[in-house]
Amino acid sequence: GEPASGETLVIYSTESTMPEFAERFQSETGIELQVVSVSSGQSDARVAAEKDNPQTDVAISGSSPADSNPELYRAYEGSIDVSNVDERWIKGEYAIPTILNPVIFGYNTEVLDGRAAPSSWEELGDEQWRGEVSIADPTQSGSAFNALAAVYAAGGWPLVEKFAQNVVIAQSSLGPIQAISNGEAAIGIGAEASVYQVADGEDIVAGYPTDGIVVNVGMFYLVENSSNPESADAFMNWMLSSDTQTWMQGEHKGMRSTTTDSETPDTLQDLSTLDLIEVPADVLADKAAFLDEWTTILTSVN
Amino acid sequence: MQNHEDSSVTLDGIQIRYGGNVAVEDASFTIESGEFFTLLGPSGCGKTTLLRTIAGFNRQSSGSLRIGTVTIDDLPAHRRDTGMVFQNYAIFPHLTVWENVAYGLRARKISKDELKVRVDEALAMVDLGGYGDRMPRNLSGGQQQRVVIARAIVIRPRVLLMDEPLANLDAKLRVRLRNDVRKLQQELGITTIYVTHDQEEALDISDRLAVMSNGRVLQVGTPEEIYASPQHMFVAKFVGEGAFIPAQLQDGGTSARLANGVAVPVRLPEAASGPCHIGLRPEELRLANAGEDSLFAGTVVSRSYLGPQVQLRVDIGVEETLLLRVPSAECPRSAQPGVAVGVVLVSADVAVFANDAAAEREAREDVLV
Amino acid sequence: MQNHEDSSVTLDGIQIRYGGNVAVEDASFTIESGEFFTLLGPSGCGKTTLLRTIAGFNRQSSGSLRIGTVTIDDLPAHRRDTGMVFQNYAIFPHLTVWENVAYGLRARKISKDELKVRVDEALAMVDLGGYGDRMPRNLSGGQQQRVVIARAIVIRPRVLLMDEPLANLDAKLRVRLRNDVRKLQQELGITTIYVTHDQEEALDISDRLAVMSNGRVLQVGTPEEIYASPQHMFVAKFVGEGAFIPAQLQDGGTSARLANGVAVPVRLPEAASGPCHIGLRPEELRLANAGEDSLFAGTVVSRSYLGPQVQLRVDIGVEETLLLRVPSAECPRSAQPGVAVGVVLVSADVAVFANDAAAEREAREDVLV
Amino acid sequence: MMTTFNQHKQRLGGVLAQYRQGFNFWSLMPLLAVVLFAVFLIYPLVRMFTESLAGTDSDVLGVYVELFTKAYYFESLINSFLISITVTLMAGLVGVALSYFVYRFNVPGKIAIRAAVVLTLVSPPFIGAYSWILLFGANGILRKALVAGGLDFPSIVGVPGMLVVLTLQGLPFVFLMTSSALSSVDQSVEDGSINLGRTRTSTFFRAILPQLRGGISTGMLLVFVTAFSDFGTPAVIGKNVRVFPTLVYNSYINEAQGADFSQAASFSVVLLVVCIGALLLQRSYAKRHAYGVSAVTPLAPMELHGIKRILVIAAVYGVILIAVLPLITVIVTSFLKTEFQRFTWNFTLDGYTTDATLLPALGNTLLFTTIATVTCTLAGAIIGYVIARRKTRLGSTIDLLSMVPYAVAGVVFGIAFSMGFGSSPFFLAGTGLILVMAYFMRRLPYSIRSISSLLGQLGTSAEEASVNLGVPPSQTFWRITVPMIVPAIVSGALLTWATVIREFNATAILYGSSTATMTIQVFSNVSYGRYENASAMGTILIVVSLIPVVILMKVFGKDDKILV
Ligand SMILES: Nc1ncnc2c1ncn2[C@@H]1O[C@H](COP(=O)(O)OP(=O)(O)OP(=O)(O)O)[C@@H](O)[C@H]1O
Ligand SMILES: Nc1ncnc2c1ncn2[C@@H]1O[C@H](COP(=O)(O)OP(=O)(O)OP(=O)(O)O)[C@@H](O)[C@H]1O
Ligand SMILES: [Mg+2]
Ligand SMILES: [Mg+2]
């Protein structure tokens, strides 16, 4: 059937701003969007656990869940219009690239207390930051994983080892940002948008590493056998529309569009000026082994 | 309402077990309609167990129970029409005194007016006329006990069962309440089975009593029969005081020789011989006057003043000391510990008990905790 | 270790209050070194309060306490060196029998060897030699009570305080244990203050006793003095049995006239007149033989069998019935309720008590709950 | 011949009578109780266990081996042990002291103190965690004040914070258990000890405290289990310390694992084994120190004077203040505006108005909590009654089963229920039903035990008296038994209500799109830095949990015992 106003759509979302999208979506289409705030891992776990009786229509995840469990998701081909999406971000037939989030770091100038702010991953390996770099658990958080991958790309295992000596592992993706916000850490690693949620430009400042930035692509997935496939499609098309993407970039500093036809405000450094890199191929080849090595290093250094 | 014509209670070979243990063994006797019958015995002898079985809370493992001519073995507890007074605090803590008493009547179909009349009447009987509105926690122990009695009698049960109803009260109050209970029972003419371990109370209050030990009913009889003609040494010891001395029957069972050589005349229905015990109650003995001939010669070992009487223990060179009670006015000042005295046997002959080793052992254990 | 030479206890004008209520009023007496002294009185009269004050758990509101010649008013409880036997539950449930007894000694600096000797000795004294390893929950009530006694005496206190130590035990056991307690106290020669509401126990066991009512000490004396020469009707009533009958003094106080017109000779130290009560104890009365002259003529109202004696109540047309105790062997079968009998006064004169309205009321309330 | 025939007839009659009495509501109950436990407890746990063995690894025990060989995992297990044991000891120490002081001394405002203790039981621990960050974190208001005053006070974030929060969370368990143990100590024991020459202090340690061991150890067991299994608190205030429950939770939601839950299940089994081990230890300890005594005269309150009194009051109110400080913080900050995820000193009601999830979450919380409380209370009363009164062969089985949930951590409950009921054949994932079921099973043992132990204390004589007066057993139950246990039922229900309302660990795993509860939303608000919303919702949570307490106080008068 057609998407109907009055229907209720469910999304497992990792985006803290999703409730505002939901509000906007409902006012424009009359379809209610229920947001369940979860992490990528939770989202994957739930979709898997609910496979016989899906509870959600759309899921956001940063961990490519359809690679290992394609049967849980529905290919978007044919139902979603991705013609305006920049080719660079398209990865397979399940993941719908919707939001871009470069993984950077923020720092608290008060805590820096006069010390020069770091400008690269390389510098984060410097001894002076011992115990002052907050990062989420790379085994749990997509952005932390991407940051770690960037560190690895910048300096290989030797740099990872030095980096490991400096970090404090926070217990959630937003933990590092909150840690710099409340002064618990000097430097916090996280997605650009989350850094800008606390960065007031005075005490808290966003920093862009010059030796490689991995972009978190906010991948949306359609869940197989969900109750409202039509509304889900409508929602995704709405999300990718230039209107929505323009509004998103204007409203939420740091949330960047994957599309080519939306307006980007000039308050942010242009994406093209950033030194974007891909997650190194050897990391992608065996993610588990990479993380294993990381946890081994981490346990050995503290 | 009930058939009060025949509310006798008959126990026929009742045995009661708890798991593997026999708590009551082969109890057979009949309590007459309107009789005040007491179960007397030391702690743990099975009194409560027997009473609870009659009330229907335990089931006998064998034997049969009748009220009147009707067998009640299969009648559930709430239809046995027995009123039970529990030893302890079976008062309903959440109901007023009045409601406690009315409780049993409400389960019966009775008009409001009659209910009120009967509850008030029952409260008046136990002297609690003005206490209807009180909560039980605001009553003294004696008052609580009376509420429980009123609650049991107000339903006019065929049989009233009372389990040591006065055990937790102080001595003066106990005596007063036992007279009240007895008077009430006589007024109502209700068959009553009363449990106690207080021998004086049992003798005072009962028409007949059964003395129990270790689950067995040793003797059933009137207070006089039990006190004056005990069939077992245990009964004699438990129901009264005195000295129980090992002896040897001689002369075809007409006298018994003690360890000190003294021969005492005994009453025995038929000729017998061998070892035995004789029982000497205090009232069978008195101090010899100066120069008077006496059966026993001994030494006072203790003297204690009990008010109307002075109690003396006299060592006559056997296992046990003789126990004497001398009216205080007549007791010579000279009879002090260490002084030699003569003791006269007042009665013509004394009670004698066969030596039953097993019974002995049990009896001793029972009495001496 | 302690100065046992003078362990007398002196109470000097002791008053004890709970908030606004006076629980003990102006208690002044001395308990001699080594004496067995009993506080006797009905429930709530202040016995426990007084004992606890001596032990140091309450503080008197006025007056002073001495042990020997030393004033102990400001000595905290744990340094008073009194051993207390509590009525109930004061056993330490988490310690073995042996550890219960050792508990007080461990607080003192004593060698391991001496500790062991003294604890074993104390356990032996109370016949619990083999019970050291048991937990209290595995003991009978009587055994628990003996543990508590052993625990108190093992520290060799200067004064032993016992608060109704036998109240919850059954009659037979109570008698046996009270003899044990008395023997132990005499062996140790320890000053002992004993609380009870059982008059027979008090008379039996004490060197001297104090009878209390409503916080006041009415009379202090030997058992004989208390029983035979009570100074207050309350004491007479509480300590013994009998009939207390309103009468009118006449002939300058040599006799008293009852409501039925009979005049009874009374003993009174000095001339007096006016309304009074006379007290007639059972042992002052006997049934008249056939044809014998008797002071009272009356009707039997109740007869009950108490074993050695038969108890009769005889209505002689006054407020109270006379109480008679007739040796069972001598009691005529004919003396049944409803039968007319004569009652002879055995003693030459009888006790007489002034009418003190207030005292009367209190006394009645106390005795009749 | 005749007699044997009669005996046969009698025996047969007896059997028939028992059979006739045997098949009714009450004899069905034990069976039903066992079924209840089998379905809602044993089945999900067993399913979780089988799942743990059904890993994709060739070696089925691989995950278990990995846990003990890989330092990354093993260290978190050790960390959790160290933290939980420290917390258990601290809560034990503070809880016993607090409880004894309040019970024994003339401390003013005892009702308020008890209410405060219950209140701390009500608020989810991570609310406390983030309040502590606000107060004593690197930027904390109070810490900054102290630092400004020249006191170098380290940030509380990290291990100290976890210890404080978990200790405060465990405090009420020890407090309540100790209070009830104290009420069965007789005054004469203390007098006896003093009379034998012991000082008051020596008396406390040698005569009173030993008798409290059973109760205290029960309280400490509960502290240990919650501390060992809480992942909300470390998530908020943990910082760099890996603890085992976080590992369990993360392994469940691990991105790298895909739909393979064998690791989560294995870790849960380990968590379960540790907690059951603690339970068994505690049981055998408590059994050895159960004295079956009850107080005839309970310990009398003691009047302290002067400096001693001031010190005791200061200690008690100091602890209480620390315990409620997070709650006060939550309430105050709920009216403060946040900018860039930091509180400012500007008043606002935004916290209450800008969160669209507030009303649905409130509705869910009230609905689930009410249903769980009512069913749990009813079933608990009935099963408790059956255990205490109807001696059935299943009694000991039920008794044993009802013990298990004490040791099943919230996370484990969540994972087991999700595996047992989430997918086929039940398809309850994310529904309100699965939440209510989990709440029900978690709290049931508490209800059962409070009723069965009360009935054990009361004895059967009142009920027998009623039957004896001609009232059949079924009516006796309603007219005598129920009224006597109503106070216990009510205060049990209160505790169930309060603890279900704050449930987080199981809920986090089981909730779905339309069944998020207040605690979930508070947590998500805290995680996303929407602090004003978090505080506002926390405030509402506190108020809602208090409502029944207030009603009860009104109905039952100011008897402070109702809170225990
Ligand atoms: N529920 C029970 N289970 C097992 N044994 C029991 C039970 N109740 C009583 N007994 C045992 O049965 C025996 C008789 O007990 P019962 O209660 O009838 O004694 P009693 O004569 O009433 O004693 P008391 O004077 O102390 O009340 C005792 O040995 C007792 O231990
Ligand atoms: N803690 C207390 N607070 C207030 N009043 C008390 C307290 N203890 C006892 N009383 C009152 O003081 C009076 C004396 O009590 P006490 O316990 O000394 O009596 P008793 O003679 O020992 O009685 P019993 O034989 O019942 O033990 C009673 O009226 C009692 O109600
Ligand atoms: Mg009994
Ligand atoms: Mg007392």
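Order of the sequence lines sets the chain letters (A, B, ...), proteins ahead of strands, with each chain counted from 1.
For chain C, the option among D:Asn195, D:Thr199, D:Ile194, D:Thr203 with the highest count of heavy-atom pairs below 4.5 Å is D:Asn195.
For the residue pair D:Ser99/D:Thr178, the side-chain donor-acceptor check at 3.5 Å is not satisfied.
Contact of D:Arg206 with chain C is made through backbone and side chain together, with heavy-atom distances under 4.5 Å. Proximity to chain D is limited to the side chain of C:Arg52, based on heavy atoms less than 4.5 angstrom apart. Looking at C:Tyr103, both its backbone and its side chain come within 4.5 Å of chain D, counting heavy atoms on both sides.
Between C:Asp6 and C:Arg158 there is no salt bridge, since none of the side-chain N atoms of the basic residue sits less than 4.0 Å from a carboxylate O of the acidic one. One finds no salt bridge joining C:Arg182 and C:Glu187 here, because no Lys/Arg side-chain nitrogen approaches an Asp/Glu carboxylate oxygen to under 4.0 Å. Salt-bridge annotation for D:Arg309 and D:Glu303: absent, with no side-chain N of the basic residue lying under 4.0 Å from a carboxylate O of the acidic one.
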